[in-house]
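Here is the structure we will look at.
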Number of protein chains: 2
Amino acid sequence: MTPAKPRTRKPVPPPTTAPEPLDSHVLESLVGYNARRAYLVVYVAFAERMAVYGLKPTDFSVLSLLAHNPGATSRQLCAALDIQPPNFVSLVAAMDRRGLIERRPHPHDGRAVGLHLTPAGHQLMVEAEEAVIQLEKEASHKLTDRERETLIRLLQKIYL
Amino acid sequence: MTPAKPRTRKPVPPPTTAPEPLDSHVLESLVGYNARRAYLVVYVAFAERMAVYGLKPTDFSVLSLLAHNPGATSRQLCAALDIQPPNFVSLVAAMDRRGLIERRPHPHDGRAVGLHLTPAGHQLMVEAEEAVIQLEKEASHKLTDRERETLIRLLQKIYL
DNA sequence: TATTGTTATACTCTATAACTATA
DNA sequence: TATAGTTATAGAGTATAACAATA
(Lines give C-alpha, C1' and ligand atoms only; values in the text may rest on other atoms or scores of the structure.)
Protein backbone atom coordinates (compact mmCIF):
# COMPACT_ATOMS: atom_id res chain seq x y z
CA MET A 1 0.00 0.00 0.00
CA THR A 2 1.30 3.45 -0.85
CA PRO A 3 1.90 5.44 2.32
CA ALA A 4 0.51 8.98 2.37
CA LYS A 5 -0.29 9.16 -1.32
CA PRO A 6 0.12 12.69 -2.66
CA ARG A 7 -3.08 14.69 -2.97
CA THR A 8 -3.79 15.69 -6.53
CA ARG A 9 -6.64 18.01 -5.58
CA LYS A 10 -6.59 21.56 -6.82
CA PRO A 11 -4.64 23.90 -4.56
CA VAL A 12 -6.83 26.25 -2.56
CA PRO A 13 -8.89 28.30 -5.03
CA PRO A 14 -7.80 31.95 -5.17
CA PRO A 15 -9.80 34.01 -2.67
CA THR A 16 -11.72 35.97 -5.28
CA THR A 17 -15.15 37.36 -4.57
CA ALA A 18 -17.78 35.45 -6.53
CA PRO A 19 -20.24 37.49 -8.60
CA GLU A 20 -23.98 37.26 -8.11
CA PRO A 21 -25.03 33.92 -9.61
CA LEU A 22 -27.52 33.88 -12.50
CA ASP A 23 -30.78 32.05 -13.04
CA SER A 24 -29.97 29.23 -15.47
CA HIS A 25 -33.09 27.12 -15.16
CA VAL A 26 -33.69 26.93 -18.91
CA LEU A 27 -30.19 25.66 -19.66
CA GLU A 28 -30.44 23.23 -16.77
CA SER A 29 -33.49 21.66 -18.37
CA LEU A 30 -31.51 20.67 -21.50
CA VAL A 31 -29.86 17.29 -21.95
CA GLY A 32 -27.07 18.73 -24.10
CA TYR A 33 -26.11 21.42 -21.61
CA ASN A 34 -26.10 19.05 -18.64
CA ALA A 35 -24.20 16.34 -20.49
CA ARG A 36 -21.51 18.82 -21.45
CA ARG A 37 -21.17 20.27 -17.94
CA ALA A 38 -20.93 16.83 -16.39
CA TYR A 39 -18.44 15.67 -19.01
CA LEU A 40 -16.26 18.70 -18.31
CA VAL A 41 -16.07 17.83 -14.62
CA VAL A 42 -14.89 14.31 -15.39
CA TYR A 43 -12.56 15.64 -18.08
CA VAL A 44 -10.81 18.00 -15.64
CA ALA A 45 -10.40 15.19 -13.11
CA PHE A 46 -9.03 12.98 -15.87
CA ALA A 47 -6.53 15.61 -17.01
CA GLU A 48 -5.26 16.19 -13.46
CA ARG A 49 -4.91 12.55 -12.59
CA MET A 50 -3.69 11.12 -15.89
CA ALA A 51 -1.01 13.69 -16.63
CA VAL A 52 1.39 11.37 -14.78
CA TYR A 53 0.83 8.74 -17.44
CA GLY A 54 1.01 11.25 -20.28
CA LEU A 55 -2.42 10.16 -21.46
CA LYS A 56 -5.24 12.37 -22.65
CA PRO A 57 -8.77 10.95 -22.91
CA THR A 58 -8.35 10.10 -26.57
CA ASP A 59 -5.01 8.35 -25.98
CA PHE A 60 -6.58 6.34 -23.21
CA SER A 61 -9.53 5.38 -25.38
CA VAL A 62 -7.28 4.17 -28.19
CA LEU A 63 -5.04 2.14 -25.87
CA SER A 64 -8.04 0.67 -24.06
CA LEU A 65 -9.56 -0.44 -27.35
CA LEU A 66 -6.24 -1.95 -28.41
CA ALA A 67 -5.94 -3.80 -25.10
CA HIS A 68 -9.20 -5.58 -25.87
CA ASN A 69 -8.92 -5.64 -29.67
CA PRO A 70 -5.32 -6.47 -30.52
CA GLY A 71 -4.48 -5.96 -34.17
CA ALA A 72 -7.23 -3.40 -34.77
CA THR A 73 -6.60 -1.04 -37.68
CA SER A 74 -6.62 2.74 -37.74
CA ARG A 75 -9.83 2.59 -39.73
CA GLN A 76 -11.56 0.51 -37.06
CA LEU A 77 -10.32 2.71 -34.23
CA CYS A 78 -11.33 5.88 -36.04
CA ALA A 79 -14.80 4.47 -36.65
CA ALA A 80 -15.21 3.33 -33.05
CA LEU A 81 -14.10 6.65 -31.57
CA ASP A 82 -15.45 9.02 -34.23
CA ILE A 83 -12.01 10.39 -35.03
CA GLN A 84 -11.12 11.66 -38.49
CA PRO A 85 -8.30 9.53 -39.95
CA PRO A 86 -5.99 12.53 -40.59
CA ASN A 87 -6.20 13.45 -36.91
CA PHE A 88 -5.37 9.91 -35.94
CA VAL A 89 -1.98 9.82 -37.62
CA SER A 90 0.00 11.96 -35.16
CA LEU A 91 -1.74 10.23 -32.28
CA VAL A 92 -0.53 6.79 -33.38
CA ALA A 93 2.90 8.13 -34.27
CA ALA A 94 3.35 9.59 -30.77
CA MET A 95 2.36 6.34 -29.02
CA ASP A 96 4.63 4.44 -31.36
CA ARG A 97 7.55 6.73 -30.47
CA ARG A 98 6.77 6.19 -26.78
CA GLY A 99 7.02 2.46 -27.33
CA LEU A 100 3.42 1.84 -26.21
CA ILE A 101 2.17 0.39 -29.47
CA GLU A 102 3.58 -1.50 -32.42
CA ARG A 103 2.51 -1.54 -36.08
CA ARG A 104 2.51 -4.89 -37.77
CA PRO A 105 1.55 -5.68 -41.35
CA HIS A 106 -2.07 -6.71 -41.64
CA PRO A 107 -2.48 -10.46 -42.36
CA HIS A 108 -5.11 -10.10 -45.07
CA ASP A 109 -4.83 -6.52 -46.37
CA GLY A 110 -1.61 -5.00 -47.63
CA ARG A 111 -2.92 -1.46 -47.30
CA ALA A 112 -3.83 -1.77 -43.64
CA VAL A 113 -1.64 -1.91 -40.53
CA GLY A 114 -2.53 -3.90 -37.42
CA LEU A 115 -1.90 -2.05 -34.17
CA HIS A 116 -0.80 -3.88 -31.02
CA LEU A 117 0.11 -2.90 -27.48
CA THR A 118 3.73 -3.54 -26.56
CA PRO A 119 4.48 -5.12 -23.16
CA ALA A 120 5.22 -1.58 -21.92
CA GLY A 121 1.87 -0.46 -23.34
CA HIS A 122 0.08 -3.30 -21.57
CA GLN A 123 1.78 -2.51 -18.27
CA LEU A 124 0.90 1.18 -18.58
CA MET A 125 -2.72 0.34 -19.31
CA VAL A 126 -3.04 -1.91 -16.26
CA GLU A 127 -2.13 1.06 -14.08
CA ALA A 128 -4.00 3.62 -16.20
CA GLU A 129 -7.29 1.70 -16.21
CA GLU A 130 -7.08 1.35 -12.44
CA ALA A 131 -6.44 5.09 -12.10
CA VAL A 132 -9.35 5.97 -14.41
CA ILE A 133 -11.76 3.73 -12.51
CA GLN A 134 -10.70 5.40 -9.27
CA LEU A 135 -10.94 8.91 -10.69
CA GLU A 136 -14.37 8.19 -12.14
CA LYS A 137 -15.53 6.89 -8.80
CA GLU A 138 -14.42 10.13 -7.14
CA ALA A 139 -15.86 12.38 -9.84
CA SER A 140 -19.23 10.65 -9.47
CA HIS A 141 -19.08 10.16 -5.70
CA LYS A 142 -22.48 11.81 -5.20
CA LEU A 143 -24.08 8.96 -7.16
CA THR A 144 -24.87 5.56 -5.70
CA ASP A 145 -23.63 2.56 -7.69
CA ARG A 146 -27.17 2.03 -8.91
CA GLU A 147 -27.56 5.65 -9.99
CA ARG A 148 -24.27 5.51 -11.82
CA GLU A 149 -25.43 2.46 -13.76
CA THR A 150 -28.71 4.17 -14.55
CA LEU A 151 -26.90 7.30 -15.72
CA ILE A 152 -24.73 5.30 -18.11
CA ARG A 153 -27.66 3.31 -19.41
CA LEU A 154 -29.65 6.47 -20.16
CA LEU A 155 -26.69 8.19 -21.83
CA GLN A 156 -26.26 5.17 -24.08
CA LYS A 157 -29.90 5.37 -25.08
CA ILE A 158 -29.02 8.68 -26.65
CA TYR A 159 -25.89 7.82 -28.60
CA LEU A 160 -26.10 4.08 -29.26
CA MET B 1 -48.80 25.75 -39.89
CA THR B 2 -45.88 25.50 -42.28
CA PRO B 3 -46.77 23.20 -45.15
CA ALA B 4 -44.30 20.43 -45.93
CA LYS B 5 -41.50 21.75 -43.74
CA PRO B 6 -38.08 20.91 -45.19
CA ARG B 7 -36.36 17.90 -43.65
CA THR B 8 -33.14 18.80 -41.91
CA ARG B 9 -32.07 15.19 -41.45
CA LYS B 10 -28.72 14.11 -42.77
CA PRO B 11 -28.86 13.07 -46.42
CA VAL B 12 -28.53 9.35 -46.97
CA PRO B 13 -25.20 8.25 -45.48
CA PRO B 14 -22.63 7.36 -48.15
CA PRO B 15 -22.80 3.63 -48.95
CA THR B 16 -19.39 2.78 -47.51
CA THR B 17 -18.69 -0.66 -46.14
CA ALA B 18 -18.42 -0.49 -42.36
CA PRO B 19 -15.34 -2.06 -40.76
CA GLU B 20 -15.60 -4.81 -38.19
CA PRO B 21 -16.78 -3.12 -34.98
CA LEU B 22 -14.58 -3.28 -31.88
CA ASP B 23 -15.26 -4.38 -28.33
CA SER B 24 -15.54 -1.15 -26.32
CA HIS B 25 -17.03 -2.49 -23.11
CA VAL B 26 -14.45 -0.80 -20.88
CA LEU B 27 -15.04 2.64 -22.36
CA GLU B 28 -18.78 2.09 -22.20
CA SER B 29 -18.52 1.58 -18.45
CA LEU B 30 -17.13 5.08 -17.93
CA VAL B 31 -19.28 8.10 -17.11
CA GLY B 32 -16.92 10.50 -18.89
CA TYR B 33 -16.89 8.55 -22.13
CA ASN B 34 -20.65 8.11 -22.23
CA ALA B 35 -21.36 11.72 -21.29
CA ARG B 36 -19.12 12.91 -24.12
CA ARG B 37 -20.64 10.59 -26.71
CA ALA B 38 -24.16 11.58 -25.74
CA TYR B 39 -23.26 15.27 -25.72
CA LEU B 40 -21.80 14.97 -29.21
CA VAL B 41 -25.05 13.55 -30.56
CA VAL B 42 -27.03 16.46 -29.18
CA TYR B 43 -24.36 18.89 -30.33
CA VAL B 44 -24.57 17.69 -33.94
CA ALA B 45 -28.36 17.94 -33.87
CA PHE B 46 -28.02 21.44 -32.43
CA ALA B 47 -25.55 22.53 -35.09
CA GLU B 48 -27.76 21.25 -37.92
CA ARG B 49 -30.96 22.77 -36.63
CA MET B 50 -29.69 26.06 -35.24
CA ALA B 51 -27.55 27.11 -38.19
CA VAL B 52 -30.66 28.91 -39.50
CA TYR B 53 -30.55 31.19 -36.49
CA GLY B 54 -26.78 31.63 -36.67
CA LEU B 55 -26.47 30.39 -33.10
CA LYS B 56 -23.89 27.99 -31.73
CA PRO B 57 -24.46 26.34 -28.35
CA THR B 58 -22.46 28.99 -26.53
CA ASP B 59 -24.32 31.84 -28.24
CA PHE B 60 -27.60 30.23 -27.30
CA SER B 61 -26.50 29.80 -23.69
CA VAL B 62 -25.50 33.44 -23.39
CA LEU B 63 -28.71 34.74 -24.94
CA SER B 64 -30.82 32.39 -22.85
CA LEU B 65 -29.14 33.62 -19.68
CA LEU B 66 -29.66 37.23 -20.75
CA ALA B 67 -33.32 36.56 -21.47
CA HIS B 68 -33.78 35.54 -17.84
CA ASN B 69 -31.13 37.78 -16.30
CA PRO B 70 -31.35 41.16 -18.02
CA GLY B 71 -28.44 43.42 -17.23
CA ALA B 72 -26.05 40.61 -16.37
CA THR B 73 -22.37 41.46 -16.78
CA SER B 74 -19.71 39.66 -18.76
CA ARG B 75 -18.17 38.53 -15.51
CA GLN B 76 -21.41 36.91 -14.36
CA LEU B 77 -22.00 35.21 -17.70
CA CYS B 78 -18.42 33.94 -17.85
CA ALA B 79 -18.73 32.52 -14.35
CA ALA B 80 -22.07 30.87 -15.08
CA LEU B 81 -20.91 29.27 -18.31
CA ASP B 82 -17.27 28.62 -17.42
CA ILE B 83 -15.96 30.77 -20.26
CA GLN B 84 -12.65 32.60 -20.00
CA PRO B 85 -13.29 36.37 -20.22
CA PRO B 86 -10.91 36.87 -23.19
CA ASN B 87 -12.91 34.34 -25.19
CA PHE B 88 -16.11 36.12 -24.33
CA VAL B 89 -15.19 39.41 -25.95
CA SER B 90 -15.61 38.49 -29.60
CA LEU B 91 -18.76 36.56 -28.74
CA VAL B 92 -20.44 39.64 -27.26
CA ALA B 93 -19.09 41.87 -30.02
CA ALA B 94 -20.62 39.64 -32.70
CA MET B 95 -24.03 39.56 -31.05
CA ASP B 96 -23.85 43.31 -30.58
CA ARG B 97 -23.10 43.78 -34.31
CA ARG B 98 -26.04 41.53 -35.13
CA GLY B 99 -28.26 43.77 -33.05
CA LEU B 100 -29.24 40.98 -30.67
CA ILE B 101 -27.85 42.54 -27.51
CA GLU B 102 -27.13 45.99 -26.17
CA ARG B 103 -24.46 47.20 -23.74
CA ARG B 104 -25.59 49.71 -21.16
CA PRO B 105 -23.51 51.33 -18.45
CA HIS B 106 -23.74 49.44 -15.17
CA PRO B 107 -25.80 51.35 -12.56
CA HIS B 108 -23.42 50.78 -9.63
CA ASP B 109 -20.01 49.98 -11.17
CA GLY B 110 -18.33 52.18 -13.74
CA ARG B 111 -16.03 49.38 -14.86
CA ALA B 112 -18.81 46.95 -15.68
CA VAL B 113 -21.26 46.86 -18.56
CA GLY B 114 -24.79 45.54 -18.26
CA LEU B 115 -25.89 43.36 -21.18
CA HIS B 116 -29.49 43.33 -22.39
CA LEU B 117 -31.39 41.62 -25.20
CA THR B 118 -32.75 43.97 -27.83
CA PRO B 119 -36.34 43.43 -29.07
CA ALA B 120 -34.80 41.58 -32.05
CA GLY B 121 -32.79 39.46 -29.62
CA HIS B 122 -35.92 38.65 -27.63
CA GLN B 123 -37.83 37.70 -30.76
CA LEU B 124 -34.99 35.47 -31.96
CA MET B 125 -34.80 33.73 -28.60
CA VAL B 126 -38.52 32.97 -28.56
CA GLU B 127 -38.07 31.02 -31.78
CA ALA B 128 -34.66 29.61 -30.85
CA GLU B 129 -35.77 28.24 -27.48
CA GLU B 130 -38.71 26.55 -29.14
CA ALA B 131 -36.38 25.01 -31.75
CA VAL B 132 -33.93 23.80 -29.11
CA ILE B 133 -36.68 22.19 -27.05
CA GLN B 134 -37.91 20.41 -30.17
CA LEU B 135 -34.43 19.31 -31.23
CA GLU B 136 -33.65 18.03 -27.75
CA LYS B 137 -36.86 16.05 -27.74
CA GLU B 138 -35.87 14.40 -31.01
CA ALA B 139 -32.28 13.75 -29.97
CA SER B 140 -33.50 12.03 -26.80
CA HIS B 141 -36.55 10.35 -28.36
CA LYS B 142 -35.52 6.93 -27.05
CA LEU B 143 -36.00 8.21 -23.48
CA THR B 144 -39.36 8.52 -21.77
CA ASP B 145 -40.11 11.88 -20.15
CA ARG B 146 -39.38 10.30 -16.79
CA GLU B 147 -36.06 8.88 -17.96
CA ARG B 148 -35.08 12.23 -19.41
CA GLU B 149 -35.75 13.90 -16.05
CA THR B 150 -33.77 11.22 -14.27
CA LEU B 151 -30.87 11.62 -16.68
CA ILE B 152 -30.71 15.36 -16.10
CA ARG B 153 -30.97 14.96 -12.35
CA LEU B 154 -28.10 12.46 -12.28
CA LEU B 155 -25.91 14.59 -14.56
CA GLN B 156 -26.44 17.54 -12.23
CA LYS B 157 -25.36 15.44 -9.27
CA ILE B 158 -21.97 15.31 -10.97
CA TYR B 159 -21.42 18.95 -11.86
CA LEU B 160 -23.53 20.94 -9.40
C1' DT C 1 -12.97 2.24 -59.12
C1' DA C 2 -12.76 2.12 -53.98
C1' DT C 3 -10.22 1.96 -49.59
C1' DT C 4 -6.12 2.61 -46.09
C1' DG C 5 -3.23 5.55 -44.51
C1' DT C 6 -1.12 9.88 -45.09
C1' DT C 7 0.23 15.15 -45.86
C1' DA C 8 -0.99 19.72 -45.69
C1' DT C 9 -3.95 22.98 -44.09
C1' DA C 10 -7.53 25.73 -42.02
C1' DC C 11 -10.90 26.75 -38.70
C1' DT C 12 -12.71 26.54 -34.11
C1' DC C 13 -12.21 26.23 -29.15
C1' DT C 14 -9.79 27.12 -25.14
C1' DA C 15 -6.10 29.01 -22.16
C1' DT C 16 -2.61 32.56 -20.43
C1' DA C 17 -0.10 36.95 -19.99
C1' DA C 18 -0.47 41.54 -19.86
C1' DC C 19 -2.72 45.95 -20.52
C1' DT C 20 -6.60 50.00 -19.29
C1' DA C 21 -9.87 52.07 -16.56
C1' DT C 22 -12.24 52.03 -12.78
C1' DA C 23 -12.96 50.63 -7.71
C1' DT D 1 -4.24 46.73 -4.41
C1' DA D 2 -7.99 44.34 -6.80
C1' DT D 3 -11.56 43.81 -10.37
C1' DA D 4 -14.08 44.33 -15.27
C1' DG D 5 -13.17 44.26 -19.63
C1' DT D 6 -9.95 43.95 -23.26
C1' DT D 7 -5.83 42.69 -26.59
C1' DA D 8 -2.72 39.55 -28.42
C1' DT D 9 -1.36 35.08 -28.85
C1' DA D 10 -0.56 30.20 -28.48
C1' DG D 11 -2.11 25.59 -28.13
C1' DA D 12 -5.60 21.98 -28.58
C1' DG D 13 -9.20 19.84 -31.14
C1' DT D 14 -11.50 19.04 -35.36
C1' DA D 15 -12.56 19.34 -40.37
C1' DT D 16 -11.69 18.87 -45.61
C1' DA D 17 -9.03 18.17 -49.98
C1' DA D 18 -5.88 15.55 -52.21
C1' DC D 19 -2.30 12.13 -52.75
C1' DA D 20 0.28 7.16 -52.87
C1' DA D 21 -0.11 2.35 -52.27
C1' DT D 22 -3.03 -1.43 -52.42
C1' DA D 23 -7.49 -3.90 -53.19
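Convention: sequence-line order gives letters A, B, ...; per-chain numbering from 1.
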Next item on the list: Check if the side chain of B:Arg111 and the base of D:dT3 share a donor-acceptor pair of N or O atoms closer than 3.5 Å.
Entry: yes

Expected rows: protein N/O vs nucleotides 15-19 of chain C N/O, under 3.5 Å:
residue: C:dA15; atom: N7; partner: B:Asn87; partner atom: OD1; Å: 3.1
residue: C:dA15; atom: N7; partner: B:Asn87; partner atom: ND2; Å: 2.8
residue: C:dA15; atom: N6; partner: B:Asn87; partner atom: OD1; Å: 2.7

Less than 4.5 Å apart, side chain to side chain, heavy atoms only: is that true for [X] and [Y]?
X        : Y        : answer
A:Leu30  : B:Phe60  : yes
B:Thr73  : B:His106 : yes
B:Leu100 : B:Leu117 : no

Within this structure, what is the [atom1]-to-[atom2] distance between [X] and [N], rounded to whole angstrom?
X       : N      : atom1 : atom2 : result
B:Glu48 : D:dA15 : CD    : P     : 13 Å
A:Leu91 : C:dT6  : CG    : P     : 12 Å
B:Gln76 : D:dG5  : CD    : C1'   : 14 Å
A:Ile83 : D:dA12 : CD1   : P     : 17 Å
B:Phe46 : C:dC13 : CZ    : P     : 12 Å
B:Phe88 : D:dT7  : CZ    : P     : 14 Å
B:Arg75 : D:dT3  : CZ    : P     : 8 Å
A:Leu77 : C:dG5  : CG    : C1'   : 13 Å

Next item on the list: For B:Tyr43 and for B:Asp109, locate the closest nucleotide of DNA chain C by heavy-atom distance; then report the residue assigned to the nucleotide nearer the 5' terminus.
Entry: B:Tyr43

Notebook entry, point to check: Mapping A:Arg36 and A:Val89 onto DNA chain C by nearest heavy atom, which one lands closer to the 5' end?
Noted result: A:Val89

Notebook entry, point to check: Looking at B:Arg153 and A:Glu147, what are the two nearest heavy atoms and their distance?
Noted result: NH1-OE2, 3.8 Å

Check: At their closest point, which heavy atom of A:Ala80 faces which heavy atom of B:Leu22, and how far apart are they?
Finding: CB-CD1, 4.3 Å

Check: Hey, are A:Arg49 and A:Glu138 close enough for a salt bridge, meaning a charged N less than 4.0 Å from a carboxylate O?
Finding: yes

Notebook entry, point to check: Is the distance from OP1 or OP2 of D:dT6 to the nearest side-chain N or O of B:Arg103 less than 4.0 Å?
Noted result: yes

Check: With a 4.0 Å cut-off on heavy atoms, is A:Thr73 in touch with a base, just the backbone sugar-phosphate, or nothing at all?
Finding: sugar-phosphate

Notebook entry, point to check: Okay, side chain of A:Asn69, backbone of B:Asp23: is any donor-acceptor separation there less than 3.5 Å?
Noted result: yes

Notebook entry, point to check: Counting side-chain heavy atoms from CB outward, which of C:dC13, D:dA12, C:dG5 is closest to A:Ser74?
Noted result: C:dG5

